[in-house]
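Note that the structure is predicted; figures quoted are calculated from it, not measured.
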Amino acid sequence: MPVRYICGNCGYILSVFYEVGQDYYGVPTPEEVYRIHGGICPRCKHDLSMPTLNDIRITSARKYEVGRKIPVADRREVSIHH
């Protein structure tokens, strides 16, 4: 499941982490995303703030079937195995 950091003002996706092995550093922390963008949303220029526990949402886009190939954010297909 991707981890997305989104501007609370305009909904711009600030950062997305799709899967383990995507890069050397792993999932960025909220502070790292804040520093990468200088504390300002690149789209709406609104000041960013650190998320609280109430800001975090865990959702599932859909249920996946075992053995079914799914696209991962316009990248490549991944098989799901149990």
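Tyr34 and Tyr12 fall within the same hydrophobic cluster, defined by Ile, Leu, Val, Met, Phe, Trp and Tyr side-chain heavy atoms under 4.5 Å apart, directly or through other members. Linking Ile, Leu, Val, Met, Phe, Trp and Tyr whenever their side-chain heavy atoms come within less than 4.5 Å puts Val33 and Met50 in one cluster.
Listed here is the closest heavy atom pair of Leu48 and Cys7: CD2-SG, 4.4 Å. Pairing each heavy atom of Phe17 with each of Gly26, the nearest pair is CE1-C, 3.4 Å. Residues Pro42 and Leu14 come closest through the heavy atom pair CD-CD2, 3.7 Å.
By the neighbour-count criterion of 12 heavy atoms within 6.0 Å, atom CZ of Arg4 is sparsely surrounded, having that number or fewer from other residues, nucleotides or ligands.
Just one residue in the list Val27, Val16, Ile13 forms a side chain to side chain contact (heavy atoms under 4.5 Å, CB included) with Pro2, and that residue is Val16.
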